[in-house]
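What follows is a set of notes on a single structure, which appears directly below.
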Amino acid sequence: MNERDWTVLSREVLSSNPWFEVVKSRVVRPDGSPCDYFAVEFRRPAVGIVARDRGRVLLLRQYRFLVDRVVWAIPSGGIEPGESPEEAARRELREEAAHEAGSLVPIFRYFPSYAATTQEFHCFEARDLLPTREAIDRNEVREVRWFEEAEVASMLDRGEIVDGLSLTPLLRLLAPRLGPFPRPGG
């Protein structure tokens, strides 16, 4: 077997919109058997920003239509064409949280569900934050608030932060300081 041992025979776009396409690919797997493979292919990656200052984390309170929940999340959004991940992170922090970062430190980038989508996230830690006078988009954000890191851990336990783009970088940055999380059911 080589590194890329799947052969794509055909690709059909089943549905398309400005953000992503639903695609059906006919492939041949390494054992020679053919199959249909379905995926959601995103047109552009996204960024997530963990804004931290003196042991606090800046979170957004948002209503998320698809899961019908009000949740807390980190600032995030899509990278515009021609924009670098860092430029997108700075823009999203201004638009969603009305803050400017003195510095942005890349944490990592990842594919949250690479068996089903091509979506890619670039995660940053924002430091040296200053508030701006920009108005936040009330269609997206209900509230912007600072939380102590221990409060964020409690919010994770209570299921108030539930999206992968928030959970993954928050856990990476905060887990070493917060100690063990309670185990489900006990």
Side-chain angles (χ1 to χ4, degrees), residues 1-50 57 59-60 62-89 91-93 96 104-126 140 152-153 155-176 178 180-185:
M1 279 193 225
N2 62 43
E3 290 292 317
R4 295 186 175 146
D5 48 8
W6 288 50
T7 302
V8 178
L9 301 175
S10 65
R11 181 181 179 278
E12 177 186 0
V13 176
L14 302 177
S15 179
S16 183
N17 63 53
W19 300 277
F20 60 84
E21 295 178 335
V22 178
V23 175
K24 173 185 172 185
S25 296
R26 185 72 176 162
V27 300
V28 177
R29 296 180 285 202
D31 69 1
S33 63
C35 75
D36 291 332
Y37 201 93
F38 296 85
V40 178
E41 295 185 1
F42 282 80
R43 298 189 188 283
R44 55 194 172 120
V47 295
I49 307 99
V50 177
V57 177
L59 296 176
L60 314 175
Q62 301 175 306
Y63 170 72
R64 289 303 190 190
F65 167 75
L66 287 178
V67 294
D68 192 28
R69 288 181 70 175
V70 174
V71 297
W72 289 96
I74 64 173
S76 62
I79 298 173
E80 297 295 332
E83 191 175 46
S84 73
E86 182 175 316
E87 291 167 335
R91 177 183 48 76
E92 289 294 341
L93 188 59
E96 291 192 345
L104 276 177
V105 178
I107 303 170
F108 48 65
R109 54 188 243 205
Y110 71 103
F111 295 92
S113 183
Y114 59 44
T117 82
T118 61
Q119 190 168 40
E120 181 180 18
F121 294 146
H122 295 254
C123 299
F124 294 88
E125 179 183 9
E140 288 193 52
V152 174
M155 295 166 78
L156 292 168
D157 292 341
R158 292 190 303 266
E160 294 172 17
I161 302 172
V162 295
D163 69 289
L165 183 50
S166 293
L167 288 169
T168 305
L170 281 171
L171 290 171
R172 169 66 178 94
L173 293 175
L174 302 182
L178 300 176
F181 290 93
R183 294 182 193 270

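Quick note: residue numbers are just sequence positions, from 1.
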Problem set entry | salt bridge (charged side-chain N to carboxylate O under 4.0 Å, His left out) partners of residues 66-80, not counting sequence neighbours, each pair once | Arg44-Glu80
Can you see which heavy atom on [X] is nearest to which on [Y], and at what distance?
X: Ile161; Y: Ser166; value: CG2-CB, 3.8 Å
X: Gly164; Y: Pro169; value: O-CD, 4.1 Å
X: Glu96; Y: Pro75; value: OE1-CA, 3.3 Å
X: Gly48; Y: Ser76; value: CA-CB, 4.1 Å

For this session: Determine, stepwise, if the pair Leu165 / Val47 fulfils side-chain contact (heavy atoms from CB on, under 4.5 Å).
Result: CA-CA 8 Å; Leu165 183 50; Val47 295; over 6 Å; no
Problem set entry | Ring geometry between Phe121 and Tyr110 (parallel below 30°, tilted from 30 to 60°, perpendicular above 60°) | perpendicular
In Å and rounded to the nearest 0.5 Å, what is the [atom1] to [atom2] distance from [X] to [Y]?
X: Phe124; Y: Leu93; atom1: CZ; atom2: CG; value: 11.5 Å
X: Gln62; Y: Glu140; atom1: CD; atom2: CD; value: 7.0 Å
X: Arg172; Y: Cys123; atom1: CZ; atom2: SG; value: 11.5 Å
X: Arg43; Y: Phe20; atom1: CZ; atom2: CZ; value: 9.5 Å
X: Glu160; Y: Leu59; atom1: CD; atom2: CG; value: 10.0 Å

Taking C-beta and beyond as the side chain, do [X] and [Y] meet within less than 4.5 Å on heavy atoms?
X: Gln119; Y: Val40; answer: no
X: Val162; Y: Trp72; answer: no
X: Val152; Y: Leu174; answer: yes
X: Val28; Y: Leu9; answer: yes
X: Ile107; Y: Leu173; answer: yes
X: Val27; Y: Cys35; answer: yes

For this session: In sequence, state the C-alpha distance, the side-chain angles, and the governing distance for Leu14 and Phe38, and then conclude on side-chain contact (heavy atoms from CB on, under 4.5 Å).
Result: CA-CA 9 Å; Leu14 302 177; Phe38 296 85; 3.9 Å; yes
For this session: Check the pair Ile49, Ile74 against side-chain contact (heavy atoms from CB on, under 4.5 Å), reporting the backbone distance first and the verdict last.
Result: CA-CA 6 Å; Ile49 307 99; Ile74 64 173; 5.7 Å; no
Problem set entry | Evaluation steps, side-chain contact (heavy atoms from CB on, under 4.5 Å), between Ile79 and His122 | CA-CA 9 Å; Ile79 298 173; His122 295 254; 4.0 Å; yes
Exercise. Counting only heavy atoms not in Phe108, do more than 12 fall under 6.0 Å of its CZ?
Worked result: yes
For this session: Return yes if some donor-acceptor pair links the side-chain N/O of Thr118 with the main-chain N/O of Phe42 below 3.5 Å, else return no.
Result: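 Indeed, once roles are kept as given, a pair shorter than 3.5 Å links the two residues.
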For this session: Sorted by first residue and then second, give each side-chain hydrogen bond (donor to acceptor under 3.5 Å, both in side chains) pair with at least one member in residues 18-35; sequence neighbours left out.
Result: Arg11-Glu21, Arg26-Asp36, Arg29-Ser33, Asp31-Ser33
